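Since the structure comes first, as structure tokens, the remarks are kept for the end.
What you see is a predicted model; the values in this text were computed from it and never measured. Values reported hereafter were calculated over all heavy atoms of this structure, with side chains retained and with hydrogens, waters and symmetry mates removed.
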Amino acid sequence: MRTTRTIRTALLTAAVAGLAATALPTAPAAAAPAAPKFLSAGQWPASLTPWTAGPVHKGLPEEGSVCTAGTIPAKGTRHRDFRTELDTGARQTITVAPTAAKAKALAAELRTALATCLDRLKEQEPGLEGVSRYHGRVNVEEDSHVYSIDTSYPEVGSTDIGLHSVGRDGRTVTVLEWGQLGDLDGAPLTGFRKTTGTAVAKLH
């Protein structure tokens with residue numbers, strides 16, 4: 001038969017055990033990594049009319065980018081389009097790769113795609129002329145590089161200039177595309193290099 005003392009001892013032991021369990025710190029749940037940040041409209045090179053930023057969309061754009069189509073995976077990718085009231089537009093695409101090594105490989109593939117873009121366009125479009133240039137590295141994080149592709153159709157007298165860049169921060173790769181009517185002399189190359197640095201720096 002249990003005595004009163006035995007019962008009190010059991011209750012005291014249970015109470016102490018309960019307090020101890022309550023006092024143990026609870027490990028916080030691991031927070032999901034923050035999504036990479038996109039450029040705002042005002043962070044693109046100044047234009048004759050203000051930039052307007054579209055919404056951020058998951059996956060690849062319905063109208064693919066001419067130079068990088070087929071290179072960027074849909075998984076882990078988001079994109080955002082920008083425009084002005086004149087014939088100037090831009091796009092930022094961000095991809096989060098499974099590992100830093102895969103992100104590095106993707107950035108290298110994108111650089112190759114940009115470097116060979118004009119040659120591929122000429123094969124697809126007879127009569128197209130142009131000049132492709134590499135404008136060096138932007139010193140921010142890893143693998144940030146700038147290119148320009150100046151194209152024209154002499155038969156119709158049209159000219160277009162596109163500025164492109166690829167940047168990487170760890171597992172995250174971003175591609176910037178800017179384009180308008182005209183040629184490289186009228187393009188804001190210095191401003192675009194600054195925009196590339198801003199885009200990569202603000203990813204994380």
Side-chain angles (χ1 to χ4, degrees), residues 35-41 43-45 47 51-84 86-97 102-125 128-135 138 143-153 158-169 172-184 187-189 191-193 195-200 202-203:
K37 298 181 179 63
F38 280 81
L39 289 167
S40 64
Q43 290 174 317
W44 287 92
S47 183
W51 285 96
T52 300
V56 174
H57 295 284
K58 290 184 178 180
L60 297 171
E62 292 183 4
E63 295 184 1
S65 301
V66 175
C67 290
T68 59
T71 305
I72 301 175
K75 185 176 181 180
T77 294
R78 297 182 298 152
H79 68 277
R80 187 180 202 182
D81 288 339
F82 303 80
R83 65 179 180 84
T84 69
L86 300 177
D87 294 317
T88 305
R91 172 178 290 163
Q92 181 179 14
T93 304
I94 297 177
T95 302
V96 180
K102 290 186 177 181
K104 183 177 181 179
L106 174 60
E109 291 176 9
L110 287 166
R111 289 189 60 193
T112 298
L114 292 177
T116 61
C117 182
L118 181 59
D119 291 338
R120 288 183 282 117
L121 290 177
K122 287 181 177 179
E123 291 177 357
Q124 297 169 11
E125 302 182 37
L128 177 69
E129 296 182 0
V131 178
S132 177
R133 294 185 176 93
Y134 171 60
H135 297 281
V138 178
D143 293 333
S144 301
H145 302 267
V146 176
Y147 300 80
S148 68
I149 301 175
D150 200 337
T151 58
S152 65
Y153 288 91
S158 65
T159 59
D160 296 276
I161 178 63
L163 301 178
H164 308 260
S165 63
V166 179
R168 181 173 69 90
D169 182 0
T172 306
V173 178
T174 188
V175 176
L176 302 186
E177 303 165 84
W178 175 100
Q180 70 175 21
L181 297 176
D183 52 31
L184 183 58
L189 181 58
F192 185 77
R193 289 180 61 86
T195 297
T196 296
T198 301
V200 177
K202 75 178 295 185
L203 287 173

Sequence neighbours left out, what passes side-chain hydrogen bond (donor to acceptor under 3.5 Å, both in side chains) with [X]? Give chain and number order.
X	result
Ser152	none
Asp150	none
Arg133	none

Does the side chain of [Y] come within less than 4.5 Å of [X]'s, by heavy atoms?
X	Y	answer
His164	Val175	no
Val146	Leu189	yes
Tyr147	Cys67	no
Leu184	Leu163	yes
Asp160	Leu181	yes
Leu39	Leu176	yes
His135	Phe192	no

Using every non-hydrogen atom in the two residues, find where [X] and [Y] come nearest and quote the distance to one decimal.
X	Y	value
Gly191	Pro45	C-CG, 3.6 Å
Ala113	Thr71	CB-OG1, 4.0 Å
Ser144	Gly167	OG-CA, 3.7 Å
Ser148	Ile161	CB-CD1, 4.3 Å
Ile149	Ser132	CG1-OG, 4.1 Å
Val96	Pro36	CG2-CG, 3.6 Å

Under 6.0 Å from the [atom1] atom of [X], do we count more than 12 heavy atoms belonging to anything else shown?
X	atom1	value
Arg78	CZ	yes
Lys202	NZ	yes
Lys122	NZ	yes

If you measure from [atom1] on [X] to [atom2] on [Y], what distance do you get to the nearest 0.5 Å?
X	Y	atom1	atom2	result
Thr68	Leu106	OG1	CG	9.5 Å
Trp44	Thr84	CH2	OG1	12.0 Å
Ser165	Leu110	OG	CG	10.5 Å
Arg80	Ile94	CZ	CD1	9.5 Å
His145	Arg193	NE2	CZ	10.5 Å
Gln180	Asp87	CD	CG	8.5 Å

Does the side chain of Glu177 come under 3.5 Å of the side chain of Ser65 through a donor N or O and an acceptor N or O? yes
Val200/Val138 under side chain to side chain contact (heavy atoms under 4.5 Å, CB included): CA gap, chis, key distance, verdict: CA-CA 10 Å; Val200 177; Val138 178; over 6 Å; no
Spell out, as yes or no, whether a donor-acceptor pair under 3.5 Å connects the side chain of Thr95 to the backbone of Gly76. no
The single option from Val66, Val131, Leu128 passing side chain to side chain contact (heavy atoms under 4.5 Å, CB included) against Thr151: Leu128
For Thr174, the option from Gln92, Arg168, His79 that meets side chain to side chain contact (heavy atoms under 4.5 Å, CB included): Gln92
Could you check whether the rings of Phe82 and Trp51 sit parallel, tilted or perpendicular, using 30° and 60° as the cut-offs? perpendicular
